[in-house]
Visitor: 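Would you mind keeping the following structure in view while I ask a few things?
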Amino acid sequence: QVQLVESGGGLVQAGGSLRLACAASGRTFSTATMGWFRQAPGKEREFVAGISWPGGITTYADSVKGRFTISRDNSKNTVYLEMNSLKPGDTAVYLCNGKRSGSSWSKSLASWGQGTQVTVSS
């Protein structure tokens with residue numbers, strides 16, 4: 001059974017840092033492109049960062065470039081998102097998912113989980 005478990009969220013002041021983790025179970029994710037997304041109240045889910053398998057290519061939304069870093073530990077089937085210089089605008093529920101290389105995120109490999117809440121206070 002495919003499962004994604006996000007963790008590491010919390011409340012942090014502007015300028016602070018957090019490290020999120022996404023543990024993926026199931027062989028499907030072992031060679032998948034992985035990505036982090038976020039959804040703020042009243043807004044659509046948006047792409048934040050992605051990483052290829054085994055990890056040589058990363059992509060970021062313009063709003064987080066230079067502040068966020070995505071990485072993966074393939075031995076643990078876990079993807080991380082290091083978030084620095086956080087801003088109130090980063091407040092959202094952060095979720096992860098995977099996709100096959102070359103496919104669209106509209107064909108994500110798993111159902112979206114509950115994610116982990118990140119709240120940045122000013």
Side-chain angles (χ1 to χ4, degrees):
Q1 182 178 357
V2 174
Q3 187 177 12
L4 298 164
V5 179
E6 302 96 342
S7 63
L11 173 63
V12 63
Q13 288 188 335
S17 299
L18 283 173
R19 189 192 194 207
L20 307 183
C22 168
S25 62
R27 294 183 62 184
T28 303
F29 286 97
S30 63
T31 58
T33 294
M34 297 297 295
W36 281 98
F37 295 74
R38 66 187 182 187
Q39 187 164 19
K43 295 187 177 181
E44 293 187 354
R45 185 171 58 235
E46 64 173 354
F47 173 81
V48 174
I51 186 166
S52 65
W53 183 87
I57 301 173
T58 57
T59 55
Y60 298 93
D62 288 343
S63 59
V64 306
K65 279 181 182 177
R67 300 189 298 122
F68 291 11
T69 302
I70 188 171
S71 61
R72 65 191 298 166
D73 184 336
N74 295 322
S75 67
K76 298 180 180 179
N77 256 14
T78 300
V79 182
Y80 303 97
L81 186 68
E82 185 77 33
M83 306 186 295
N84 298 314
S85 302
L86 283 162
K87 305 174 182 180
D90 295 318
T91 295
V93 174
Y94 283 72
L95 312 103
C96 68
N97 216 316
K99 69 179 183 78
R100 292 183 175 84
S101 178
S103 69
S104 166
W105 284 109
S106 64
K107 298 180 180 179
S108 298
L109 296 173
S111 299
W112 294 95
Q114 293 187 339
T116 185
Q117 176 70 47
V118 171
T119 303
V120 184
S121 63
S122 58

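Note that the numbering runs from 1 along the sequence shown for the chain.
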Visitor: Taking Met34 as the starting point, is it possible to reach Val118 by hopping between hydrophobic residues whose side chains are less than 4.5 Å apart?
Guide: yes
Visitor: Given Ile70, which partner from the list Val64, Val48, Thr59, Val79 fulfils the side chain to side chain contact (heavy atoms under 4.5 Å, CB included) test?
Guide: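 Going through Val64, Val48, Thr59, Val79 one by one, the side chain to side chain contact (heavy atoms under 4.5 Å, CB included) with Ile70 is satisfied by Val79 alone.
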Visitor: CD of Glu82 to CZ of Arg67: how many Å apart, nearest 0.5 Å?
Guide: 12.5 Å
Visitor: Can the ring centres of Phe37 and Trp105 be said to be less than 6.0 Å apart?
Guide: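 Yes.
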Visitor: Within this structure, what is the OG1-CG distance for the pair Thr33 and Asn97, rounded to the nearest 0.5 Å?
Guide: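 Separation between the atoms: 11.5 Å.
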Visitor: Could you state the interatomic distance from CE (Met83) to OG1 (Thr69), rounded to the nearest 0.5 Å?
Guide: 11.0 Å
Visitor: Would you check if the side chain of Tyr80 reaches a backbone N or O of Asp73 as a donor-acceptor pair within less than 3.5 Å?
Guide: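 A pair under 3.5 Å: no.
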Visitor: Side chain of Ser25, backbone of Gln3: donor and acceptor closer than 3.5 Å?
Guide: yes
Visitor: Could you pull out all donor-acceptor pairs under 3.5 Å where a side-chain atom in residues 11-24 meets a protein atom, sequence neighbours excluded?
Guide:
{"unit_1": "Ser17", "atom_1": "OG", "unit_2": "Asn84", "atom_2": "OD1", "d": "2.8"}

Visitor: Taking all non-hydrogen atoms of both residues, which atom of Lys107 and which atom of Lys99 are closest, and how far apart?
Guide: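 Scanning both residues, the minimum pair turns out to be O-CB, 4.5 Å.
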Visitor: Could you pull out the closest heavy-atom pair between Ala40 and Ala92, with the gap in Å?
Guide: N-CB, 3.9 Å
Visitor: Do Arg38 and Thr91 come within less than 4.5 Å of each other through their side chains, counting heavy atoms only?
Guide: no
Visitor: Taking Glu6 for the side chain and Tyr94 for the main chain, is one N or O donor matched with an acceptor at less than 3.5 Å?
Guide: no
Visitor: Linking I/L/V/M/F/W/Y whenever any side-chain heavy atoms sit under 4.5 Å apart, do Val5 and Phe29 land together?
Guide: no
Visitor: Where is the tightest heavy-atom contact between Ala32 and Trp53, given as atom of each residue plus distance?
Guide: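 Shortest heavy-atom separation between Ala32 and Trp53 comes out as O-CB, 3.6 Å.
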Visitor: When you measure from the side chain of Asp90 to the backbone of Val120, do you find a donor-acceptor pair of N or O atoms at a distance under 3.5 Å?
Guide: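 A pair under 3.5 Å: no.
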Visitor: Enter the distance from Ser101:OG to Ile57:CD1 here, rounded to the nearest 0.5 Å.
Guide: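 Answer for the OG-CD1 pair, Ser101 versus Ile57, is 8.0 Å.
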Visitor: Output yes when a side-chain donor or acceptor of Arg100 lies under 3.5 Å from a complementary backbone atom of Leu109, and no otherwise.
Guide: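 Looks like no, no N/O pair under 3.5 Å.
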Visitor: Got a second to check how far Phe47's CZ is from Tyr60's OH, nearest 0.5 Å?
Guide: 9.0 Å
Visitor: So which atom in Gly115 and which in Val93 form the shortest heavy-atom distance, rounded to 0.1 Å?
Guide: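 Result for this residue pair: CA-CG1, 3.9 Å.
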Visitor: Looking at Ala110 and Leu4, what are the two nearest heavy atoms and their distance?
Guide: CB-CD1, 3.8 Å
